[in-house]
Amino acid sequence: DQQVKQNSPSLSVQEGRISILNCDYTNSMFDYFLWYKKYPAEGPTFLISISSIKDKNEDGRFTVFLNKSAKHLSLHIVPSQPGDSAVYFCAATHSGNTPLVFGKGTRLSVIA
Amino acid sequence: EAGVAQSPRYKIIEKRQSVAFWCNPISGHATLYWYQQILGQGPKLLIQFQNNGVVDDSQLPKDRFSAERLKGVDSTLKIQPAKLEDSAVYLCASSLLNNQETQYFGPGTRLLVL
């Protein structure tokens, strides 16, 4: 039973354009969501997060949008850069007290 | 600030053999996590320690996996005996007390069981 789903295994985007990575969740108890970025042979690194009391959080080129009614969140990267090429994981938790539940990840390739 | 250290980085063993992984968390981080990441999947929590006590080991296959954090700092994860399906990357992460939201991950140990 996958509680966090990233249905696109991969995404290719041209440099300078927008990258949109999607994530859906099924557990309505989740109230805090995170995006992690992972390069090959490295551990995931925290990128950006959002609490369920917000519908948008922005940090530089990265913006996360949360649609609670649809149980859907998305990560927007604008403009995309070749260094953004990595695997992006969506994760969710309840009140920060329950273990993070990760999606399967989406591999983003930014083409120069 | 030094990050989370893990060793070895790679390990190849035959099924039914034993293997152990080591993790040194970021200094001052009371909470330590071990995750298993199978190829094509997201990380899955195996066990969470707070200082030297176990907080959550509900997804740890206790018939073959064990973990300890004796002095509340370093931790070891052991598999005995290993099965083919244990082939995965084992990630260690740490965070400040009760701060699940900001975990810092180590580079992982890639295990191949033949």
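Per chain, numbering begins at 1; letters A, B, ... match sequence-line order.
With rounding to the nearest 0.5 Å, the separation of OG in B:S75 from CZ in B:R69 is 7.0 Å. Here the CD-CD1 distance, from B:E68 to B:I47, works out to 10.0 Å after rounding to the nearest 0.5 Å. Separating the CG atom in A:N57 from the CG atom in A:D59 is a distance of 7.0 Å, to the nearest 0.5 Å. Atom CG of residue B:L114 and atom CD of residue B:Q17 lie 9.5 Å apart, to the nearest 0.5 angstrom. The OG atom of B:S87 sits 5.5 Å away from the CG atom of B:L111 when rounded to the nearest 0.5 Å.
Neither the backbone nor the side chain of B:R110 comes within less than 4.5 Å of any heavy atom of chain A. Proximity to chain A (any heavy atom under 4.5 Å) is shown, for B:Q6, by neither the backbone nor the side chain.
Within residues 75-93 of chain A, the residues approaching chain B closer than 4.5 Å by heavy atoms are, in numerical order, A:F89. Contacts with chain B (heavy atom to heavy atom, under 4.5 Å) involve these residues of residues 41-53 of chain A, listed by number: A:A41, A:E42, A:G43, A:P44, A:F46. Of all residues in residues 102-112 of chain A, those placing a non-hydrogen atom less than 4.5 angstrom from a non-hydrogen atom of chain B are A:F102, A:G103, A:K104. Contacts with chain B (heavy atom to heavy atom, under 4.5 Å) involve these residues of residues 11-36 of chain A, listed by number: A:Y32, A:L34, A:Y36.
B:L112 and B:I13 end up in different hydrophobic clusters when Ile, Leu, Val, Met, Phe, Trp and Tyr side chains are linked at under 4.5 Å. Tracing side-chain contacts under 4.5 Å through hydrophobic residues (I, L, V, M, F, W, Y), one never reaches B:Y10 starting from B:V19; they form parts of separate clusters. The same ILVMFWY cluster, assembled from side-chain heavy atoms under 4.5 Å apart, contains both B:I79 and B:F49.
The candidate from B:S58, B:A93, B:G40 with the greatest count of non-hydrogen atom pairs under 4.5 Å with chain A is B:G40.
Closest heavy-atom contact between B:V4 and B:S94: CG2-OG, 3.6 Å.
Checking side-chain atoms of B:Q37 against main-chain N and O of B:Q41 turns up a donor-acceptor pair under 3.5 Å.
In B:K71, the NZ atom is not crowded: 12 or fewer heavy atoms of neighbouring residues, nucleotides or ligands sit closer than 6.0 Å. Environment of NZ in A:K68: crowded, with over 12 heavy atoms of neighbouring residues, nucleotides or ligands closer than 6.0 Å. Around the CG atom of B:L84, the shell of radius 6.0 Å holds more than 12 heavy atoms that belong to other residues, nucleotides or ligands.
B:Y90 is listed as a side-chain neighbour of B:L46, based on a closest heavy-atom distance under 4.5 Å. Using a 4.5 Å heavy-atom cutoff, the side chains of B:W34 and B:F65 are not in contact.
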Mind running side-chain hydrogen bond (donor to acceptor under 3.5 Å, both in side chains) on B:Y35 and B:Q59 for me, showing each step along the way? CA-CA 10 Å; B:Y35 289 87; B:Q59 297 192 91; over 6 Å; no

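Looking at B:D86 and B:R64, a side-chain N of the basic residue comes within less than 4.0 Å of a carboxylate O on the acidic one, giving a salt bridge. Between B:K62 and B:D57 there is a salt bridge, since at least one side-chain N of the basic residue sits less than 4.0 Å from a carboxylate O of the acidic one.
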